[in-house]
Amino acid sequence: MRWSQTLIPTMKEIPSDAEVPSHQLMLRAGLIRQLMAGAYTYLPLGYRALRKAEAIVRHEMDQAGAVELFMPALQPIDLFEKTGRKSAFGNVLINFTVQRGDRKVHLALGPTHEEVVTDLMSRLISSYRQLPITVYQIQTKFRNEERPRFGVLRTSEFLMKDAYSFASSLEQLDTAYQKMYNAYVRIFARCGLPVLPVEAESGPIGGDASHEFMIPAANGEDSVVRSTTGAYAANLERAETGRKAPTIETAANAAAMQKVLTPNATSIEAVAKFLKVSPTQLVKTLIYKADDKTVAVLIRGDHEANENKIRRALKAKTVALADTAAIEAVTGAPTGFAGPVGIKCEIIADHDVPLITNAVTGANEADHHLTGVNVGRDYQLATTYDLRNAQAGDPCPRSDGTLEIVHGIEVGHVFKLGTKYSVSLGAEFADEKEQRHPIIMGCYGIGVNRIIAGLAETSHDENGLIWPLSIAPYEVLVIPLNVTEASTMEVAEKFYAEFQAAGLDVLMDDRDARPGFKFKDADLIGIPLRVIIGGKGLKEGQVEVKWRTGTENVKVPVGDAIQTVIQMIAERKASDAAKVPQ
RNA sequence: CGGGAUGUAGCUCAGCUUGGCUAGAGCGCCUGGUUUGGGACCAGGAAGUCGCAGGUUCGAAUCCUGUCAUCCCGACCA
C-alpha cells in the first residue's frame with residue numbers, strides 16, 4: 001500500500017480526551033477514531049492489525065479442533081428469560097422491542113452467545129456419539145457498559161472470539177478445557193503478548209474450573225495476585241490468602257474486657273483514631289444475609305471482606321450485606337456498633353481474627369465499643385475461614401513465596417460452565433443406555449480488540465507504537481526520502497514491487513514530505529522493519545535497514561537489499577515462532 | 001447511578017473573573033516560492049451555529065437556568 005492512497009491520519013498532539021497510553025497512541029497513530037463513548041471506528045491501519053489478531057485466533061482455534069460457525073447478534077429475549085440472564089445482566093443487556101406487522105417483538109443484542117449456542121445444540125445433538133464437540137465464532141458483541149472507558153479497552157461494542165464445548169462427561173470437558181487453555185497460551189504468545197494465566201472465580205464446578213488470561217499493565221482494571229515464586233496467580237476476587245487456620249485459644253496476656261464510650265464512631269477509621277489504636281487491633285463485624293439466615297462475619301480491621309469466600313464458607317447461594325432492620329435485630333444497636341460479644345446470630349471469622357489479642361470490637365450498643373476482647377473467653381469460635389481479599393505480603397498458598405498485587409487487562413477467559421445452560425434450555429443427549437443427561441459445557445472467550453489495545457498499552461516507547469511482526473499492520477515500511485528525485489523513486493518502486501511479490505506486507509511512504517517528518521510518523525505507527533532510500537546512502541550505492549526496536553541503521557548495498565530484507569523478516573518470524581510453546 | 005472536570009476551526013489551546021466594535025494563536029489544510037537525513041522557511045488564503053435551548057441585558061463565547069456530550073474517580077462488570 002502507498003501511504004498517499006490510504007488513510008493514516010497521524011496526530012502530533014495528544015487528543016485531550018485520551019488518558020491511557022493505548023488510547024493516546026491508537027488515536028495518534030491513526031488506528032482508530034471515536035464515534036461516541038465506547039464505540040470506535042477502526043481505520044485502515046487499526047483494522048489490519050485487528051484482522052491479523054483475528055487470523056491468529058482463528059488458526060489456533062482450528063488447530064485445537066474447534067469448528068467455526070456464525071450466529072446472529074440479534075437474539076430473542078425469551079432465551080435470556082429462560083436462563084435468568086435477562087435480570088442477571090440487567091442494564092448491560094441491550095434489548096428493545098420492534099414492531100412487526102401487528103405485534104411487537106422483543107429482541108436483544110448478544111452480549112455473548114451461551115443461550116443461542118445451547119439452543120442450537122439442543123436441536124442438533126441427541127446422542128453421546130456426537131460428543132464431544134467445540135464450536136466457535138468471531139463476532140461483534142454488545143454490552144451497555146455502565147461506564148465505557150480507557151479508549152478501546154472497555155467499549156460497548158467489541159469483537160469477541162467465543163467458543164463453546166459440549167461434552168458427555170467431565171473427562172471430556174477437562175480435555176476440551178485443556179485444549180482451549182493451551183490454544184490460548186499459543187495465541188497470546190504468537191501475538192507477542194506477555195500474558196499471565198490466573199485462577200478466576202469458577203462458578204458451579206469449582207476447583208480449577210476457570211482461568212483468566214491477564215496482561216500485566218498499570219492501567220488494567222483487574223487486580224491480580226501473584227506469588228514471588230511464580231507458583232500461584234489468581235484474580236483478587238478469587239485469590240487465597242495463604243493463611244492457615246490458627247489454634248483458637250485465649251491469649252495468656254489477655255486484659256480485662258472494658259466498655260468504652262465512642263460517640264458517633266461507626267467506621268474502622270473513626271474508632272481507630274478515637275481510641276488511638278491501629279486498625280489491625282480492631283475486629284470488623286459485618287452482618288450478612290446468607291440466603292435467609294443472618295450471619296456475623298468477623299474480619300480484621302485493616303482487611304477487606306470477600307463475599308465470594310463468605311458465600312462458599314456458609315455454603316449459601318447468595319450473600320449480601322444485611323439491611324438496617326436485620327442488623328438491629330441481632331445487635332440491638334444501630335449500624336456501626338456490631339461486635340461478636342453477645343450477638344444474637346451465627347458468627348464466622350477470618351483466620352486472622354483470633355490472633356488479635358485484646359481486640360477492639362463493637363459493643364452491640366449505640367456509641368460504645370469494647371476493648372480487651374479475646375477469643376475463647378469473650379466470644380467463641382469453632383474454626384476460622386479464609387474470608388478476606390489477599391493482600392501484598394500474604395504468604396503464597398502454594399509455595400514459600402509471598403504474594404504481590406499487580407493490575408491486569410483481561411484478554412481471555414476459559415470457563416467450565418457445567419450444565420447451567422443445558423439444563424435451563426433443555427440441551428440433552430442420550431447415553432449408550434438411552435439415559436438422558438444435560439450436555440456438559442465449557443465456554444472460552446477472547447477479546448480480540450484487547451489484543452490490539454493491550455499491545456498498544458504495553459509495547460511502545462516515547463516515540464510511538466512498537467508492533468510485533470505478527471500483528472503489525474504492515475511488516476515493512478519503505479521510505480524514499482525525497483519523492484521528487486527520480487533516482488530515489490526508481491529504487492523505492494522496485495523494492496516496493498519486489499517485497500509485495502515476495503509476499504511481505506509492505507507500506508511505502510510516498511508522501512512529498514521532509515525526512516524528519518517521515519521518520520517521526522514511522523516511529524509513531526511502529527512498523528517493525530524500515531527501509532530508508534535516498535541521500536548520501538544512495539550515492540554510495542547503499543540503502544539503510546532498521547528495526548523499529550533497533551538503535552542502529554544497517555547499511556546494505558542496493559543490489560542486496562531486497563534479499564536481505566526478505567531474509568531478515570523470515571528470520572524474525574522463525575525466532576518469534578520458536579518462542580511459542582507447543 | 002454517586003462525585004469531579006471539560007465543551008471555542010480537523011487537533012492543542014487562549015479569551016470568560018470585570019458582558020462592548022469584525023472571536024484569536026500554534027499545528028494541520030489550500031495556492032505560490034525556497035528547501036530536503038529526525039515533525040522546515042517565506043508570502044498569501046480558506047475554515048468557527050463559541051455543544052444545544054431558553055433567560056437577563058441596549059448588547060452574551062463571557063452572567064443565570066435547563067439540557068446534551070465527552071473524560072476521570074467510585075459503584076457495577078455473565
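Each chain gets a letter, A, B and so on, in the order the sequences are listed, and its residues count up from 1. Here the structure is a predicted model, which means the values were calculated and not measured.
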Checklist entry - Ignoring hydrogens and angles, does a donor from either the side chain of N482(A) or the base of G37(B) sit under 3.5 Å from an acceptor on the other? => result no
Next on the checklist: I'd like to know if E13(A) reaches the base of G39(B) with its side chain such that a donor and an acceptor end up less than 3.5 angstrom apart.
Outcome noted: no
Checklist entry - Between N91(A) (CG) and C1(B) (P), how many Å, whole number? => result 8 Å
Checklist outcome for this item: Rounded to whole Å, the CD-C1' distance (E237(A) to C76(B)) equals 12 Å
Item to check | Minimum-distance nucleotide (side-chain atoms of K420(A) versus A78(B), G38(B), C73(B)) | outcome: A78(B)
Checklist entry - Using purine N1 to pyrimidine N3 plus N6-O4 or O6-N4 for Watson-Crick, or N1-O2 and O6-N3 for G-U wobble, each under 3.5 Å, what pairs with G44(B)? => result C30(B)
Item to check | Ring-ring centroid check Y181(A) F213(A), cutoff 6.0 Å | outcome: yes
Checklist entry - On a whole-Å scale, what distance lies between the P atoms belonging to G48(B) and U57(B)? => result 32 Å
Checklist entry - OP1 or OP2 of C73(B) sitting under 4.0 Å from any side-chain N/O of R147(A)? => result yes
Next on the checklist: Once you apply a heavy-atom cut-off of 4.0 Å, does E544(A) come out as touching a base, just sugar-phosphate, or nothing?
Outcome noted: base
Next on the checklist: Over all strands shown, is I14(A) touching base, sugar-phosphate only, or nothing at heavy-atom distances under 4.0 angstrom?
Outcome noted: sugar-phosphate
Checklist outcome for this item: Testing G38(B), C1(B), G37(B) for proximity to the side chain of E146(A), the answer is C1(B)
Next on the checklist: Closest approach to the side chain of R149(A), judged atom by atom: which nucleotide of A75(B), U70(B), G38(B) is it?
Outcome noted: A75(B)
Item to check | Euclidean distance, atom CZ of residue R511(A) to atom P of U35(B) [Å, nearest integer] | outcome: 22 Å
Checklist entry - Hey, what's the ring geometry for H23(A) with Y40(A), parallel, tilted or perpendicular (30° and 60° as the breaks)? => result perpendicular
Item to check | Selected nucleotide, minimal atom distance to R143(A) side chain, candidates G37(B), A78(B), U70(B) | outcome: A78(B)
Next on the checklist: Using the rule given for side chain to side chain contact (heavy atoms under 4.5 Å, CB included), can you reason through E114(A) versus T112(A), listing the C-alpha separation, both sets of side-chain angles and the distance that settles it, and then say yes or no?
Outcome noted: CA-CA 6 Å; E114(A) 279 84 0; T112(A) 173; 2.8 Å; yes
Checklist entry - Would a line drawn from the ring center of H413(A) to the ring center of Y184(A) be shorter than 6.0 Å? => result no
Next on the checklist: Taking only the P atom of each, what is the distance from U12(B) to G7(B) in whole angstrom?
Outcome noted: 11 Å
Checklist entry - What nucleic acid atoms does D521(A) come within less than 4.0 Å of, heavy atoms only: base, sugar-phosphate, or nothing? => result base
Checklist entry - Across the strands shown, which category fits A37(A) at heavy-atom distances under 4.0 angstrom: base, sugar-phosphate, nothing? => result sugar-phosphate
Next on the checklist: Just N and O in the side chain of R85(A): are any of them under 4.0 Å from OP1 or OP2 of A78(B)?
Outcome noted: no
Checklist entry - Atom CG of D512(A) to atom P of U36(B): distance rounded to whole Å? => result 13 Å
Next on the checklist: Pairing check on U62(B): which nucleotide meets the Watson-Crick or G-U wobble criteria with it, both distances under 3.5 Å?
Outcome noted: none
Item to check | Closest to the D17(A) side chain, choosing from A78(B), C11(B), C71(B) | outcome: C71(B)
Next on the checklist: The side chain of Y421(A) is closest to which nucleotide in this list: G37(B), U12(B), A78(B)?
Outcome noted: A78(B)
Checklist entry - Roughly how far apart, to the nearest Å, are C29(B) and U65(B) at atom C1'? => result 39 Å
Checklist entry - If you measure from the C1' atom in C27(B) to the same atom in C41(B), how many Å do you get, rounded? => result 15 Å
Item to check | Base-pairing assignment for U6(B) (Watson-Crick or G-U wobble, both under 3.5 Å) | outcome: A69(B)
Item to check | Spacing between Q75(A) atom CD and A78(B) atom P, to the nearest angstrom | outcome: 17 Å
Next on the checklist: Suppose you measure atom C1' in C73(B) against the same atom in U17(B); what distance do you get, rounded to whole Å?
Outcome noted: 28 Å
Next on the checklist: Partner lookup for G39(B), please. Criteria are Watson-Crick or G-U wobble with both distances under 3.5 angstrom; report none if nothing qualifies.
Outcome noted: none
Checklist entry - Between R85(A), Q75(A), K82(A), which is the residue that forms a side chain to side chain donor-acceptor pair (under 3.5 Å) with E115(A)? => result R85(A)
Checklist entry - What is the distance from CG of L524(A) to P of C11(B), rounded to the nearest Å? => result 17 Å
Checklist entry - What does R28(A) touch in the nucleic acid at a heavy-atom separation under 4.0 angstrom: a base, only the sugar-phosphate, or nothing? => result base
Next on the checklist: Applying a 4.0 Å non-hydrogen cut-off, can you work out what N219(A) is touching in the nucleic acid: base, sugar-phosphate, or nothing?
Outcome noted: nothing
Item to check | side-chain N/O S16(A) vs C13(B) OP1/OP2, d < 4.0 Å | outcome: yes
Next on the checklist: If you apply the rule side chain to side chain contact (heavy atoms under 4.5 Å, CB included), what do you find for F70(A) with Q139(A), and how did you get there?
Outcome noted: CA-CA 8 Å; F70(A) 193 75; Q139(A) 199 217 30; 3.6 Å; yes
Checklist entry - The side chain of R514(A) lies closest to which of these nucleotides: U35(B), G37(B), A78(B)? => result U35(B)
Checklist entry - With no hydrogens and no angle check, do the side chains of D119(A) and Y421(A) hold a donor and an acceptor under 3.5 Å apart? => result no
Next on the checklist: I want to verify a distance call: between G39(B), U70(B), G37(B), whose nearest atom is closest to the P515(A) side chain?
Outcome noted: G37(B)
Item to check | E201(A) CD - A78(B) P separation (whole Å) | outcome: 10 Å
Checklist entry - Taking a pair as Watson-Crick or G-U wobble with both distances under 3.5 Å, which nucleotide is matched to C21(B)? => result none
Checklist outcome for this item: Per atom distances to the E19(A) side chain, the nearest of G37(B), C72(B), U70(B) is C72(B)
Next on the checklist: For a quick check of understanding: with a heavy-atom distance under 4.0 Å over all strands, which category does G537(A) fall into, base, sugar-phosphate or nothing?
Outcome noted: base
Item to check | Plane angle bin for F89(A) and F80(A) - parallel if under 30°, tilted between 30 and 60°, otherwise perpendicular | outcome: perpendicular
Checklist entry - With both distances under 3.5 Å as the test, what is the Watson-Crick or G-U wobble partner of A78(B)? => result none
Checklist entry - Between Q34(A) and C71(B), does any side-chain N or O lie under 4.0 Å from OP1 or OP2? => result yes
